[in-house]
Q: 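The structure that follows is given in the form of structure tokens.
Since the model is a prediction, treat every value here as computed from it, not as a measurement. The residues of the chain are indexed from 1 along the displayed sequence.
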Amino acid sequence: QVELVESGGGSVQAGGSLRLSCAASGNTYRVYWMAWFRQAPGKEREGVAGSHNDGPITYADSVKGRFTISKDNAKNTLYLEMNSVIPEDTAMYYCAAREGLVSPVFYRFWGAPDKYNYWGRGTQVTVAS
């Protein structure tokens with residue numbers, strides 16, 4: 001079992017920045033891929049950014065150039081640096097983890113919520129215009 005706890009959400013003005021954190025505990029040795037998702041009211045959960053333990057990273061087109069995902073493996077903590085935020089970034093942000101090795105095919109589906117085994121409870125981000 002892996003537990004994920006997000007923190008760092010809050011309210012911010014458009015153009016500002018926030019840094020989200022996700023602390024992982026438990027059987028983290030079984031996790032090779034972690035990602036950030038978000039879900040706005042009335043919308044489906046969508047992948048924001050994903051990161052492999054060995055380095056490969058991917059982003060949703062909507063956040064490329066503005067958000068940065070990083071990981072501190074020693075601390076078992078995943079981060080999401082959010083810069084130049086816009087009102088459309090308002091959502092509940094979730095951390096997710098996938099057990100097991102990641103095949104090249106997975107990179108086509110990394111943004112699908114059903115590919116993940118573990119989820120945090122989320123942290124709210126609200127961007128005011």
Q: When you compare the side chain of L78 with that of I69, does any pair of heavy atoms fall below 4.5 Å?
A: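 Yes, side chains in contact.
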
Q: How far apart are the closest heavy atoms of A40 and A91, and which atoms are they?
A: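 Scanning both residues completely, I find the closest heavy atoms to be N-CB, 3.8 Å.
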
Q: If we ignore hydrogens and angles and just use 3.5 Å, is the side chain of T58 paired with the main-chain N or O of G50 as donor and acceptor?
A: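 It does not hold such a pair.
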
Q: For the residue pair R66 and V85, what are the closest heavy atoms and their distance?
A: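 Between these two residues, the closest heavy atoms are NH1-CA, 3.7 Å.
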
Q: Is L4 reachable from Y29 through a run of I, L, V, M, F, W or Y residues, each pair having side-chain heavy atoms under 4.5 Å apart?
A: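 No, because Y29 and L4 fall into different hydrophobic clusters, even though each may have its own neighbours under 4.5 Å.
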
Q: Which pairs pass disulfide bond (SG atoms under 2.5 Å apart) with one or both residues in residues 96-129, sequence neighbours excluded?
A: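 Non-adjacent pairs meeting disulfide bond (SG atoms under 2.5 Å apart): zero.
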
Q: Which residues pass the side chain to side chain contact (heavy atoms under 4.5 Å, CB included) test with E3, sequence neighbours left out?
A: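 If we apply the side chain to side chain contact (heavy atoms under 4.5 Å, CB included) test to E3, skipping adjacent residues, the hits are Q1, S25.
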
Q: Taking salt bridge (charged side-chain N to carboxylate O under 4.0 Å, His left out) as the test, write out the residues that go with E99, two or more places apart.
A: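 Once residues adjacent in sequence are excluded, the partners of E99 under the salt bridge (charged side-chain N to carboxylate O under 4.0 Å, His left out) criterion are R30.
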
Q: Return yes if some donor-acceptor pair links the side-chain N/O of N76 with the main-chain N/O of A23 below 3.5 Å, else return no.
A: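 Not at all, since once roles are kept as given, no pair shorter than 3.5 Å links the two residues.
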
Q: Using the salt bridge (Lys or Arg N to Asp or Glu O under 4.0 Å) rule, collect all pairs that involve residues 8-17, keeping only residues at least two apart or in two chains.
A: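 Those involving residues 8-17 do not exist here.
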
Q: Is a side-chain donor or acceptor of T77 paired with a backbone partner of K75 at a separation under 3.5 angstrom?
A: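 Such a contact is found between T77 side chain and K75 backbone.
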
Q: Quick one: which residue pairs count as a ring-ring contact (aromatic ring centres under 6.0 Å, His included) with a foot in residues 37-56, not counting sequence neighbours?
A: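 Output for this query lists F37-Y116, F37-W119.
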
Q: What side-chain donor-acceptor pairs closer than 3.5 Å can you find for residues 14-22, not counting sequence neighbours?
A:
| from | atom 1 | to | atom 2 | distance (Å) |
| --- | --- | --- | --- | --- |
| S17 | OG | N83 | OD1 | 2.8 |

Q: Got a sec, which pairs hit salt bridge (Lys or Arg N to Asp or Glu O under 4.0 Å) with one end in residues 100-125, sequence neighbours left out?
A: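 For residues 100-125, and leaving out neighbouring residues, there are no salt bridge (Lys or Arg N to Asp or Glu O under 4.0 Å) pairs at all.
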
Q: Nearest 0.5 Å, what's the CG-OG1 distance between D89 and T126?
A: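 Separation between the atoms: 11.0 Å.
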
Q: Any chance you could measure R38, atom CZ, to R45, atom CZ, to the nearest 0.5 Å?
A: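 The CZ atom of R45 is 13.0 Å from CZ of R38, to the nearest 0.5 Å.
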
Q: Quick one: are V125 and T90 in side-chain contact, heavy atoms under 4.5 Å?
A: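 Heavy-atom side-chain distance check fails, nothing below 4.5 Å.
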
Q: Which pairs pass disulfide bond (SG atoms under 2.5 Å apart) with one or both residues in residues 37-72, sequence neighbours excluded?
A: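 Every pair satisfying disulfide bond (SG atoms under 2.5 Å apart) with a residue in residues 37-72: there are none.
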
Q: For residues 59-108, pull every pair meeting ring-ring contact (aromatic ring centres under 6.0 Å, His included), keeping only residues two or more places apart or in separate chains.
A: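 Listed by first then second residue: W33-F106, W33-Y107.
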
Q: Where do M34 and A24 come nearest, in terms of heavy atoms and distance?
A: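 Shortest heavy-atom separation between M34 and A24 comes out as CE-CB, 4.4 Å.
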
Q: Using the side chain to side chain donor-acceptor pair (under 3.5 Å) criterion, which residues pair with Q13? Sequence neighbours excluded.
A: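 If we apply the side chain to side chain donor-acceptor pair (under 3.5 Å) test to Q13, skipping adjacent residues, there are no hits.
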
Q: Is there a chain of hydrophobic side chains (I, L, V, M, F, W, Y, each step under 4.5 Å between heavy atoms) that links V12 to V48?
A: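 Both belong to a single hydrophobic cluster.
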
Q: Measure across A49 and L80 and return the closest heavy-atom pair with its distance rounded to 0.1 Å.
A: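 Smallest heavy-atom distance, with atoms named: CB-CD1, 4.2 Å.
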
Q: Listing request: all disulfide bond (SG atoms under 2.5 Å apart) pairs with a residue in residues 40-73, at least two apart in sequence or in separate chains.
A: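 Residue pairs with at least one partner in residues 40-73: there are none.
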
Q: Rounded to the nearest 0.5 Å, what separates atom CD in E88 from atom OG in S62?
A: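 Rounded to the nearest 0.5 Å, the CD-OG separation comes out at 10.0 Å.
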
Q: Show which residues join V5 in its hydrophobic cluster (side-chain heavy-atom contacts under 4.5 Å, direct or indirect), or state none.
A: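 In the cluster with V5 there is nothing else; it is isolated.
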
